[in-house]
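Data block below; observations after.
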Amino acid sequence: MRARRDEPCTTIAVKVTFLRMDSAPLTPAPEIPGPTHTVIVTAPTVGFYRYLYNTVGADYVWWLRRVMPDDELARLLDDPALEIHVLYKDGEPAGFFELDARYGPSVNLSYFGLMPHMIGTGAGPGFLRQAIDAAWRSGPRTVTVNTCTADHPRALPNYIRAGFKTLRAVQEIWDVPTYLGLRIPDHLRI
């Protein structure tokens, strides 16, 4: 993924793993610790979406939606084939996931993550299962997701534990614009 040629960038190398689930899980869903609830946010505002995306993705080099112009992002968020689900705990956002059914017959779990204060609380497996169950409710042929070496180190094992199967892994080079101010781990820099 390349930024504009005229802007300073940090070049990183990531291994992207593509996964697929061919049938809905049959096992009981794990619980999310503590009182929580999840809300589908229909056509969220650009500001609220950026808050979710930027906060969840800050430590994982989530940059693509950061450089997307507001009007383009607003059109995307207004698409009824895109669903944003927000996890709340004690009245504040605790995580979110995004389901993209624009290119059926599959549903893609485009983004999934917890807010930094929720990492390590045991909420991940239950929230991931909520995302998987929500994806299967629309009746797709498959559910897909991808993760990369910039994501949390438990992302790939958690997806596999939840029932996703690895399809392939590819090396990608990303030019991440430096003006975004993202923390780039040394092991990703080239």
Side-chain angles (χ1 to χ4, degrees), residues 1-12 14 16 32 36-103 107-121 123-124 126-128 130-132 134-135 138 143-155 158-159 172-185 188-189:
M1 312 239 172
R2 304 281 180 193
R4 291 191 342 241
R5 290 180 189 248
D6 60 340
E7 61 187 52
C9 294
T10 301
T11 302
I12 67 173
V14 295
V16 181
I32 299 174
T36 63
H37 67 282
T38 303
V39 174
I40 300 174
V41 182
T42 306
T45 63
V46 167
F48 183 61
Y49 180 84
R50 286 198 190 283
Y51 162 72
L52 295 171
Y53 182 91
N54 293 352
T55 305
V56 169
D59 292 332
Y60 309 112
V61 197
W62 287 14
W63 67 280
L64 290 174
R65 296 278 171 86
R66 288 175 185 254
V67 299
M68 184 180 280
D70 284 353
D71 60 335
E72 187 178 333
L73 183 55
R75 280 191 303 278
L76 177 69
L77 295 173
D78 198 39
D79 191 319
L82 196 78
E83 287 186 0
I84 309 299
H85 297 242
V86 181
L87 176 68
Y88 285 88
K89 182 173 179 27
D90 298 327
E92 65 181 25
F96 87 104
F97 62 84
E98 179 178 317
L99 299 175
D100 187 348
R102 292 177 298 154
Y103 308 106
V107 170
N108 186 51
L109 177 55
S110 308
Y111 290 99
F112 172 86
L114 295 170
M115 294 291 186
H117 69 278
M118 292 296 291
I119 302 292
T121 65
F127 190 47
L128 177 56
Q130 282 187 11
I132 292 166
S138 66
V143 175
T144 60
V145 68
N146 67 65
T147 187
C148 73
T149 49
D151 284 336
H152 193 285
R154 289 193 302 262
N158 284 339
Y159 290 136
E172 291 186 2
I173 304 298
W174 297 351
D175 287 333
V176 181
T178 55
Y179 77 84
L180 296 173
L182 293 173
R183 293 179 295 279
I184 309 248
L188 298 176
R189 294 173 185 266

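No hydrogens, no waters, no symmetry mates; every other heavy atom, side chains included, goes into these values.
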All heavy atoms of Val61 vs all of Trp174, minimum pair found to be O-CZ3, 4.0 Å
Would Arg102 and Asn108 count as a side chain to side chain contact (heavy atoms under 4.5 Å, CB included) here? Give the steps. CA-CA 9 Å; Arg102 292 177 298 154; Asn108 186 51; over 6 Å; no
Closest non-hydrogen atom pair between Phe96 and Tyr49, with its separation: CE1-CE1, 4.1 Å
Please check if the distance between the ring centroids of Phe97 and Tyr111 is under 6.0 Å. no
Between Glu92 and His117, is any pair of side-chain heavy atoms under 4.5 Å apart? yes
Leu87 side, atom CG; His85 side, atom NE2 - distance, nearest 0.5 Å: 12.0 Å
If we ignore angles and hydrogens, is there a donor and acceptor under 3.5 Å between the side chains of Asn54 and Trp62? no
Report the relative orientation of the aromatic rings in Tyr159 and Phe112; use parallel for angles under 30°, tilted for 30 to 60°, perpendicular for over 60°. perpendicular
CD1 of Ile12 to CD1 of Ile173, rounded to nearest 0.5 Å, is 8.5 Å
Roughly how far, to the nearest 0.5 Å, is CZ of Arg66 from CG of Leu182? 4.5 Å
Pairwise side-chain contact, Ile40 with Ile84, heavy-atom cut-off 4.5 Å (strictly under): no
Arg65 and Glu72 ion-paired at < 4.0 Å: no
Report the residue from Ile119, Thr147, Asn158 that forms a side-chain contact (heavy atoms from CB on, under 4.5 Å) with His152. Ile119
Which heavy-atom pair separates Tyr53 from Leu64 by the least distance, and what is that distance? OH-N, 3.3 Å
Met118 backbone acceptor or donor facing Thr121 side chain under 3.5 Å: yes
Minimum heavy-atom separation for Arg50 and Pro69, please, with both atom names. NH2-C, 3.9 Å
One should read off an interatomic distance between Thr55 OG1 and Met115 CE, to the nearest 0.5 angstrom, of 5.0 Å
Side chain to side chain, Leu114 and Val56, heavy atoms closer than 4.5 Å: no
Got Val107 and Leu109 here, is their nearest side-chain heavy-atom distance under 4.5 Å? no
So do Tyr88 and Pro93 actually touch side chain to side chain, heavy atoms under 4.5 Å? yes
In this structure, CH2 of Trp63 is separated from SG of Cys9 (nearest 0.5 Å) by 7.5 Å
Student check: side-chain heavy atoms of Val143 and Ile132 closer than 4.5 Å: no
What heavy-atom pair brings Gly113 and Phe127 nearest, and what distance separates the two atoms? O-CE2, 3.9 Å
Does the side chain of Leu77 come within less than 4.5 Å of Leu82's, by heavy atoms? yes
Nearest heavy-atom contact between Ile32 and Ala123 is CG2-CB, 3.8 Å
Taking the side chain as C-beta and beyond, is there a heavy-atom pair between Phe48 and Val86 under 4.5 Å? yes
Out of curiosity, Arg154 CZ to Leu128 CG, how far, rounded to the nearest 0.5 Å? 12.5 Å
